[in-house]
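This report refers to the structure that appears directly beneath it.
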Amino acid sequence: MGYCPNTSDEIREMLAVIGAGSIEELFAPIPVELRAKSFDLPPGMSEFELMRIMKEKAAAGGAEIVPFIGCGIYDHVIPAVVDHLSSRAEFYTAYTPYQPECSQGTLQALFEYQSAICRLTGMEASNASLYDGGTAVAEAALMSLRITERNRVILDASVNPLHREIVTGYLHGLSAEAVEVAPDGCSSDLKSLIDSIDEETAAVIVQNPNFFGSVQDFSELASKAHEKGALLIVSSYPIALGLVASPGEMGADIAVGDGQSLGNALSFGGPYFGFIATRKRFIRNLPGRIVGETIDNQGRRGYVLTLQAREQHIKRHKATSNICSNQSLCALRGLIFCAALGRKGFEELAVLNYDKAQYAKSRLTSLKGVTLMNTGTTFNEFTLSLPMDAAPVVEKLLSSGVAAGVPLGQYYPGLDYALAVTVTEKRSKAEIDRLADLLEEALCS
Amino acid sequence: MGYCPNTSDEIREMLAVIGAGSIEELFAPIPVELRAKSFDLPPGMSEFELMRIMKEKAAAGGAEIVPFIGCGIYDHVIPAVVDHLSSRAEFYTAYTPYQPECSQGTLQALFEYQSAICRLTGMEASNASLYDGGTAVAEAALMSLRITERNRVILDASVNPLHREIVTGYLHGLSAEAVEVAPDGCSSDLKSLIDSIDEETAAVIVQNPNFFGSVQDFSELASKAHEKGALLIVSSYPIALGLVASPGEMGADIAVGDGQSLGNALSFGGPYFGFIATRKRFIRNLPGRIVGETIDNQGRRGYVLTLQAREQHIKRHKATSNICSNQSLCALRGLIFCAALGRKGFEELAVLNYDKAQYAKSRLTSLKGVTLMNTGTTFNEFTLSLPMDAAPVVEKLLSSGVAAGVPLGQYYPGLDYALAVTVTEKRSKAEIDRLADLLEEALCS
Amino acid sequence: MQLIFEKSVPGRGGVRVPLSDVPKASTFPDALRRKQPVLLPEVSELDLVRHYTNLSRRNFSVDTNFYPLGSCTMKYNTKVTENAGGLFAGCHPVLPLLPGGERLVQGPLSLIHGLEQQLAEITGMDEVTTQPLAGAHGEMTGIMVISAYHKARGDHKRKYVIVPDSSHGTNPASAAMAGYEIVTIPTAPYGDMDLEQFKNAMNDEVAAVMMTCPNTLGLFNPHIAEICDIAHQAGALTYYDGANLNAILGKVRPGDVGFDVIHVNLHKTFGTPHGGGGPGSGPVGVKKGLIPYLPTPRVQRTEDGSFVAEAHPEGIGRVSDFFGNFAIMARAYAYITLLGREGLIEVSEHAVLNANYIMARLKDEYELPFEQTCMHECVFSASRQLKEGVHAIDIAKYLIDRGFHPPTVYFPLNVKEAIMIEPTETESKQTMDLFIDVMLEAARLARENPEALHQAPVTTPVGRLDETRAARAQQVCCE
Amino acid sequence: MQLIFEKSVPGRGGVRVPLSDVPKASTFPDALRRKQPVLLPEVSELDLVRHYTNLSRRNFSVDTNFYPLGSCTMKYNTKVTENAGGLFAGCHPVLPLLPGGERLVQGPLSLIHGLEQQLAEITGMDEVTTQPLAGAHGEMTGIMVISAYHKARGDHKRKYVIVPDSSHGTNPASAAMAGYEIVTIPTAPYGDMDLEQFKNAMNDEVAAVMMTCPNTLGLFNPHIAEICDIAHQAGALTYYDGANLNAILGKVRPGDVGFDVIHVNLHKTFGTPHGGGGPGSGPVGVKKGLIPYLPTPRVQRTEDGSFVAEAHPEGIGRVSDFFGNFAIMARAYAYITLLGREGLIEVSEHAVLNANYIMARLKDEYELPFEQTCMHECVFSASRQLKEGVHAIDIAKYLIDRGFHPPTVYFPLNVKEAIMIEPTETESKQTMDLFIDVMLEAARLARENPEALHQAPVTTPVGRLDETRAARAQQVCCE
């Protein structure tokens with residue numbers, strides 16, 4: 001077949017050394033009655049046929065649709081360097097850096113990644129990445145239970161509903177509780193959130209900008225939570241952090257989010273990466289891998305996996321998390337993205353998202369019957385109220401090649417007329433204008 | 001702009017060290033009257049806008065057309081490893097390996113390339129590549145002039161007409177002569193070629209398979225040329241060499257060809273690479289770079305550019321050629337292609353081309369009024385005679401997304417009904433059948 | 001090497017941001033604006049490229065070195081599958097969540113469905129979900145499914161999960177995250193879970209037993225069918241950790257043997273590279289009775305042949321944001337399609353052949369705690385070398401100097417000074433012979449010149465690193 | 001490292017060939033079949049990948065090392081232009097030669113036309129052809145155009161081309177290939193071509209004079225307009241070797257000054273990487289009177305805005321198979337479009353700034369034969385170090401050990417122990433300072449410990465290589 005390289009001569013030589021008469025003999029430890037009853041797969045093929053099949057599938061993947069949709073995953077520019085550098089074989093064909101002397105590439109990159117995440121979020125300690133945004137929120141919730149030794153988290157219902165589902169599932173098995181607090185319109189209901197905090201509350205979980213696109217200040221919430229011995233967990237959209245106050249600045253204890261928008265392609269759902277960062281005093285409660293700085297036997301600086309005593313391969317069922325794989329390569333892409341744009345470019349990118357969304361907002365709310373539901377500031381997403389059910393409108397515009405937004409009725413009962421619209425820097429003025437025209441047409445007909 | 005990294009602070013510091021007040025001062029040696037009168041170019045842009053423009057151009061590049069065309073450039077499979085390995089930054093961002101100790105990567109790869117070319121062509125010495133197939137034939141012609149100190153080459157007119165044009169141009173300036181010998185139908189006219197050799201003939205140049213797709217044995221031609229002190233130059237299609245007798249086996253003195261089909265993309269005309277190989281006794285007459293094996297100061301094996309005394313940077317106008325750049329990266333791709341397929345795979349690929357073309361041949365010649373013009377063996381190209389002018393037929397089929405072949409009338413007066421059809425391994429049975437159906441339809445209407 | 005942050009120069013430009021084609025919006029409100037600038041590096045594109053290109057060169061990797069890291073299956077993955085994974089970069093995962101959106105993403109949905117079917121056939125399970133994002137995530141998902149199954153039957157008393165002590169640490173950790181208490185069963189002298197102790201531990205409070213087979217010693221447990229029977233008789237379910245599936249492809253299907261749930265590691269068995277620690281993908285397969293409890297959504301094929309992503313109301317909910325690590329799944333689908341039936345059988349045969357060859361060649365010099373035919377990996381002990389003061393770690397570091405990534409050392413925990421070698425099926429006898437020569441040389445050095453091993457590695461950018469200092473300093477980001 | 005051929009094992013499989021979906025044809029006739037099998041390596045895909053990945057690591061390159069190789073312009077080229085070049089991989093160059101085919105390839109044809117227009121504006125020429133495949137190929141093409149021009153006017157007596165001795169070796173070689181005899185003019189003490197000798201050499205048998213400006217000393221010749229006048233008065237044409245165009249982008253346009261023909265090196269000035277020695281691309285620009293003699297075909301824009309590739313009957317014919325090294329041209333088009341007017345001016349300004357900075361920092365320790373403001377590169381002599389027995393080559397090799405690709409040494413030929421440094425505009429002060437430190441250290445070592453320099457390099461896979469032995473052995477392929 002070509003993928004197993006040994007030739008029949010070599011197989012013969014190897015079997016002679018082993019002292020076996022055939023490869024089949026090596027499977028003798030497996031009793032006959034345990035053998036596979038079926039293995040019904042088609043024969044293999046060559047690269048050429050394979051790529052024909054794969055390209056057909058990719059061609060039917062909706063990549064031609066102009067997306068004004070988000071839900072935590074965003075269509076942002078990816079500088080060419082990101083692909084070029086992350087596809088260095090030495091990065092993507094290595095494993096978890098158990099042997100630090102021959103893994104300084106991965107280790108230093110992850111240390112830099114942790115540094116970038118700390119600077120973005122305004123926190124002091126980051127791990128080396130989690131799976132995705134949703135599981136990151138869930139891991140943060142579990143972390144708050146460990147830190148506070150309490151059993152209940154308050155979950156702002158303006159947090160991404162997909163993430164809330166995951167949090168609920170993670171807590172369910174542990175007999176912990178997630179109490180949801182309904183938003184006030186498109187904003188977090190700060191008063192209700194504060195009122196819900198009690199002595200059993202491990203943490204309050206909010207998202208900024210929230211699922212409706214609203215940006216809020218959670219500083220007071222942080223203070224109130226701390227007064228009751230609870231933590232504040234803020235889930236962020238990292239691109240927004242170029243402009244919006246960081247979780248650290250607001251007094252959050254744990255900052256999480258999905259890193260996809262930092263240099264990772266849409267890829268129909270993954271791989272992305274989740275990030276999690278916290279105050280230094282909580283570092284031993286972080287889940288997953290952590291890279292730390294140290295020195296070698298000659299005093300030279302180097303990097304190692306550290307604080308491994310928290311982890312499953314040592315602590316087993318007492319570990320802070322079951323995580324073994326992280327999303328190292330995706331985190332590397334995130335790091336390269338951050339470094340490629342740099343301090344100034346990162347802020348410019350955020351401002352550009354804001355400007356484009358503001359343009360779209362003014363354009364779309366000028367349509368008859370369309371109003372803005374957000375009452376305060378938004379970043380690059382906002383929620384419109386349409387004069388009719390949003391679902392058929394979106395379906396109609398999909399036929400014209402435009403994903404106009406996410407109808408919110410499926411996530412929030414009673415919000416059938418609401419449409420969440422995302423406008424990243426990649427959406428041109430022409431595309432926004434076309435969206436407005438198509439929407440106008442759909443609403444008139 | 002970002003591409004020149006120095007900041008204004010750094011510029012200031014540097015100017016202070018230089019002792020200049022401004023960058024403009026550094027251009028003081030250029031008299032004002034020599035300054036540019038215009039520099040009217042649009043402003044720059046970002047990656048994002050650039051790629052939008054480039055993708056639009058690429059989308060209008062005909063890549064969706066199913067090609068049954070050749071003319072020396074062929075649509076073959078390119079194993080995925082070729083792109084992955086040739087895009088290693090250390091290969092493609094290095095230069096000519098002037099400093100061998102820090103260029104062993106390029107040097108050893110070129111040495112391996114030379115070895116692969118020698119094995120493919122059955123010759124003893126290859127250079128490190130030339131520009132393309134056409135200039136390789138021309139360089140071989142010049143090389144034969146140098147070796148024989150004669151002034152005339154005989155050019156079989158069944159050699160690729162594009163290549164013949166280049167040979168003629170190259171010889172023109174040197175007051176040397178290229179005498180063309182017309183083919184006998186779709187075959188080289190061996191008798192006329194032999195008869196044309198005289199005491200002034202430096203070389204006879206043939207191509208195998210020739211432009212009509214015919215495969216021939218040139219052994220007798222080699223003997224007769226040698227008897228008259230002339231050389232035989234054979235231009236080959238390297239994929240065919242997996243099946244067809246090599247130039248070396250036929251007694252050729254110089255083997256050349258276009259290496260595109262070895263792992264280089266179509267890319268609208270380049271870059272490809274030309275190859276040239278010869279007998280060891282003629283090595284000093286080779287044009288271009290040559291890599292040789294040697295040892296270092298500790299006896300370890302290593303590779304260097306060798307026989308540089310032939311070259312322009314030393315010999316200046318007495319050099320064997322003006323060549324400075326070669327097509328190193330394309331040659332590397334050719335090498336990796338050869339090594340990826342290997343001895344067995346390379347032969348299988350050639351056989352598959354032959355099988356596909358034979359199928360197409362039988363399918364197409366079964367159409368009413370369509371006959372095969374080649375009288376002997378072909379490899380993966382053949383020439384059909386249509387019952388009408390081939391040009392409008394080809395134009396018609398292009399509208400259906402199929403490039404049916406190359407109408408030969410533009411290259412050979414009187415052959416307006418002739419169509420050269422190429423069938424590589426990438427053409428599926430379904431595509432061949434569709435070609436037949438479309439052709440039938442076009443001929444009926 | 002400096003950190004990228006240390007290469008930063010104030011004002012240096014990086015990659016340019018797209019130009020704006022819309023009017024400048026009124027300024028973002030100060031009250032919500034960040035106060036501290038984001039102190040990202042300010043470097044040129046060249047600085048950036050040179051930094052990460054050179055950083056990459058400080059790694060060993062499969063593409064540059066033999067990497068026989070036991071338990072990790074560091075095989076070579078073809079470049080064409082890598083290309084295949086990249087084809088879907090522009091496909092938005094929210095499209096199928098929109099009304100009418102599913103018809104626009106039939107390609108990726110059919111791929112998910114196809115991969116689930118491939119994996120079901122390979123493992124002998126009835127249905128598969130590709131949502132879990134890693135092996136451990138699959139384990140947790142699998143145990144949550146088991147938990148949901150018991151609860152749906154009103155069986156609320158089961159609070160234990162049985163795990164052998166030789167299992168991956170993720171097994172007990174995952175079961176704990178799903179809310180279970182762990183019962184650990186020791187390894188018997190013959191290298192498998194102690195059967196008697198297992199029988200004694202089994203009762204109607206046990207929710208599941210989790211087995212890794214071949215186990216971390218590389219040995220196939222011939223009693224797995226019996227173990228499944230015992231568990232089933234007590235009303236418990238059986239979980240198969242498929243991390244080592246490459247050993248038995250086409251030979252054993254856990255579903256046939258009696259396992260109810262399995263997870264597989266696409267990044268180990270099915271042709272996706274490891275990415276320096278991830279991303280992976282950990283699909284979970286289940287038997288028919290557990291299908292209702294799989295996570296939502298489920299990709300289904302409808303009667304007209306089109307694919308839909310359906311809510312799965314009885315299931316355990318959502319375990320990841322969308323459909324799993326799709327681009328990793330695409331690589332796995334491509335890998336299985338490329339190799340086909342015979343190619344996959346060849347995988348297990350050669351993985352086992354190679355491991356046994358290395359075992360046979362090294363067993364005269366290295367202690368073999370369980371001398372029997374191994375599966376895809378073999379576990380030695382450096383106990384003989386220890387007598388000369390040479391530890392497994394010394395041998396590991398010496399291998400680095402000779403250009404080989406070390407095997408896994410000090411794991412499994414039940415072997416003293418363990419050296420766990422997994423050559424994988426993609427390595428040739430040629431390469432293994434070079435590795436074996438160095439291993440034999442290390443054994444000779446342990447006798448003749450142990451100091452040479454203690455000093456290793458000396459060819460790497462850094463020597464042995466002070467891990468205690470790192471844990472104490474807790475410096476996990478640059479100042 | 002072994003050769004790939006030495007890693008071959010009989011019977012080892014490589015990449016799989018596509019499956020056949022057609023009937024097996026009758027066997028290829030024995031008489032025409034090759035007798036000797038093609039003895040290509042038989043290696044696995046992993047062997048192949050590991051071989052060439054590790055081989056690549058034996059190169060210095062721009063992406064890994066500062067590479068101030070004078071005369072070669074080893075600048076950093078953005079990755080986005082690299083991506084842009086790859087977009088056209090599937091475009092067949094024969095399509096536009098088919099009847100009705102041009103309309104299918106408007107994208108690439110418009111790109112060629114656009115690049116020709118960009119280059120014409122940048123160089124001050126009237127039309128450009130992108131057909132030549134490299135700089136030297138462009139030179140030959142340019143001289144052939146000049147030759148055709150003279151002949152078309154019935155002026156058959158011109159048989160000389162004047163070339164200064166400081167020119168690139170390709171200049172005289174290219175002119176010789178176009179059939180001319182070469183008249184070499186020496187360099188005057190002020191660093192430019194000796195003007196008096198030039199005047200004396202000029203007569204009505206001279207077809208052209210070829211000038212490189214800035215010349216190989218990195219100096220701008222202020223007399224170029226006068227040189228052009230003198231040539232034109234004698235009926236000769238003037239040729240500008242644009243290899244060093246990055247020094248004068250936006251500052252000087254050779255067409256404005258009086259040059260009739262120019263070639264430019266896309267792989268030097270316009271953002272295409274060097275590929276280990278190629279592929280390059282050497283477009284040629286000409287003034288109006290020479291347009292008829294450009295090679296065939298010419299891409300033209302028709303009245304309806306579409307593009308055609310037209311035969312050019314009076315021209316010199318075809319110099320390469322199709323439209324030049326298209327994918328290289330695409331990178332250059334992308335580069336010029338990306339940078340725009342201001343970005344290109346910045347290129348020349350920073351190229352010149354950087355070179356003068358290095359010159360200023362090193363001139364106390366290294367002899368500067370022509371002390372004046374340089375353009376994009378500066379040329380030192382190791383003559384002071386030679387007194388300690390240290391040659392330019394020793395300094396070069398020491399730089400390798402310190403991680404820097406050496407400058408060009410022993411070129412230009414008119415400077416003894418020449419060290420020619422071209423930092424390019426993409427390098428930062430930071431990087432140059434590190435290089436300068438090592439250069440200064442080398443100067444100190446030359447005084448204090450010359451032996452340390454003679455031994456270099458010691459960090460590379462091989463030490464200094466025996467070039468004489470290579471030339472004698474002539475072993476240019478493996479057995």
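On a predicted model such as this, the values are computed, not experimentally measured, just so you know.
- D/V62 and D/Y67 make their closest contact through N-CD1, 3.7 Å (heavy atoms, listed as atom of the first residue, atom of the second, distance).
- Contacts of B/D75 classified as salt bridge (charged side-chain N to carboxylate O under 4.0 Å, His left out), with partners at least two apart in sequence or in another chain: B/K426, B/R427.
- Considering only heavy-atom pairs separated by less than 4.5 Å from chain D, the leading option among B/G342, B/P271, B/S325, B/A265 is B/P271.
- When all heavy atoms of D/L3 and B/E112 are compared, the closest pair comes out as CA-OE2, 3.4 Å.
- Residue D/M177 touches chain B through both its backbone and its side chain, counting heavy-atom pairs closer than 4.5 Å.
- The aromatic rings of D/F88 and D/F326 sit perpendicular to each other, their planes meeting at more than 60°, with 30° as the lower class boundary.
- Looking at D/V462, the atoms closer than 4.5 Å to chain B (heavy atoms on both sides) sit in the backbone and in the side chain alike.
- Looking at D/P457, only its side chain comes within 4.5 Å of chain B, counting heavy atoms on both sides.
- If you check the side chains of D/S20 and B/E425, you find no donor sitting under 3.5 Å from an acceptor.
- Heavy atoms of D/S147 lying under 4.5 Å from chain B are absent altogether.
- Contacts with chain B were tallied for D/P37, D/A134, D/A89; D/A89 has the most, counting heavy-atom pairs under 4.5 Å.
- Residue B/T306 touches chain D through its side chain alone, counting heavy-atom pairs closer than 4.5 Å.
- The distance from the CD atom of D/E346 to the CG atom of D/L353 is 11.0 Å, given to the nearest 0.5 Å.
- With chain D as partner, the option from B/V394, B/I290, B/I323 having the largest number of non-hydrogen pairs under 4.5 angstrom is B/V394.
- Around atom NZ of B/K280, more than 12 heavy atoms belonging to other residues, nucleotides or ligands sit under 6.0 Å away.
- Both the backbone and the side chain of B/C71 come within less than 4.5 Å of a heavy atom in chain D.
- Within the 4.5 angstrom heavy-atom criterion, only side-chain atoms of D/F5, from C-beta onward, approach chain B.
- Both the backbone and the side chain of B/F91 come within less than 4.5 Å of a heavy atom in chain D.
- Residue contact with chain D, scored on non-hydrogen atoms closer than 4.5 Å, involves the side chain of B/L50 exclusively.
- In this model, a donor atom of one side chain and an acceptor atom of the other lie less than 3.5 Å apart for D/T170 and D/E139.
- Taking D/Q106, D/M74, D/Q372, D/H405 one by one and counting their heavy-atom pairs under 4.5 Å with chain B, the maximum is reached by D/M74.
- In this model, no donor atom of one side chain and acceptor atom of the other lie less than 3.5 Å apart for B/Y92 and B/R88.
- Looking at D/L48, the atoms closer than 4.5 Å to chain B (heavy atoms on both sides) sit in the backbone and in the side chain alike.
- For B/V77, the part lying under 4.5 angstrom from a heavy atom of chain D is the side chain only.
- There is a side-chain donor-acceptor pair under 3.5 Å between B/N6 and D/N354.
- Heavy-atom pairs under 4.5 Å with chain B were tallied for D/G340, D/P172, D/G179, D/P18; the largest tally goes to D/P172.
- Taking B/V215, B/I53, B/T135 one by one and counting their heavy-atom pairs under 4.5 Å with chain D, the maximum is reached by B/V215.
- A 6.0 Å sphere centred on NZ of B/K344 holds no more than 12 heavy atoms belonging to other residues, nucleotides or ligands.
- Both the backbone and the side chain of D/Y52 come within less than 4.5 Å of a heavy atom of chain B.
- For D/M359, no part lies near chain B; criterion is any non-hydrogen pair under 4.5 Å.
- Both the backbone and the side chain of D/A327 have a heavy atom closer than 4.5 Å to some heavy atom of chain B.
- Interface summary for chain D: among B/A36, B/A28, B/A63, the most heavy-atom pairs under 4.5 angstrom belong to B/A36.
- Residue D/L219 does not touch chain B at all, counting heavy-atom pairs closer than 4.5 Å.
- For chain B, the nearby part of D/L69 is the side chain; its heavy atoms alone come within less than 4.5 Å.
- Between the side chains of B/E90 and D/T64, no donor N or O sits under 3.5 Å from an acceptor N or O.
- Within the 4.5 angstrom heavy-atom criterion, atoms from both the backbone and the side chain of B/Y95 approach chain D.
- In plain terms, the two heavy atoms of D/D256 and B/R35 that are nearest each other are OD2-O, 4.3 Å.
- Under 3.5 Å, the side chains of D/K397 and B/Q99 contain a donor-acceptor pair of N or O atoms.
- Proximity to chain B is absent for every atom of D/N77, based on heavy atoms less than 4.5 angstrom apart.
- For D/R34 and B/E347, the salt-bridge test fails: no basic side-chain N is under 4.0 Å from an acidic carboxylate O.
- Between B/F268 and D/F323, the ring planes lie parallel to each other; the angle is under 30°, not in the 30° to 60° tilted range.
- Contact count against chain D (heavy-atom pairs under 4.5 Å) is highest for B/I69 among B/I69, B/I23, B/L241.
- Put simply, of B/L34, B/V17, B/V351, the one with the most heavy-atom pairs under 4.5 Å next to chain D is B/L34.
- Annotation: the span from D/E342 atom CD to B/L41 atom CG amounts to 9.0 Å, rounded to 0.5 Å.
- There is no contact between B/K318 and chain D, counting heavy-atom distances below 4.5 Å.
- B/E101 touches chain D through backbone and side chain together, each having a heavy atom under 4.5 Å away.
- Proximity to chain B is limited to the side chain of D/T78, based on heavy atoms less than 4.5 angstrom apart.
- Counting heavy atoms of neighbouring residues, nucleotides and ligands inside a 6.0 Å radius, atom NZ of B/K55 does not exceed 12 of them.
- For D/H92, the parts lying under 4.5 angstrom from a heavy atom of chain B are both the backbone and the side chain.
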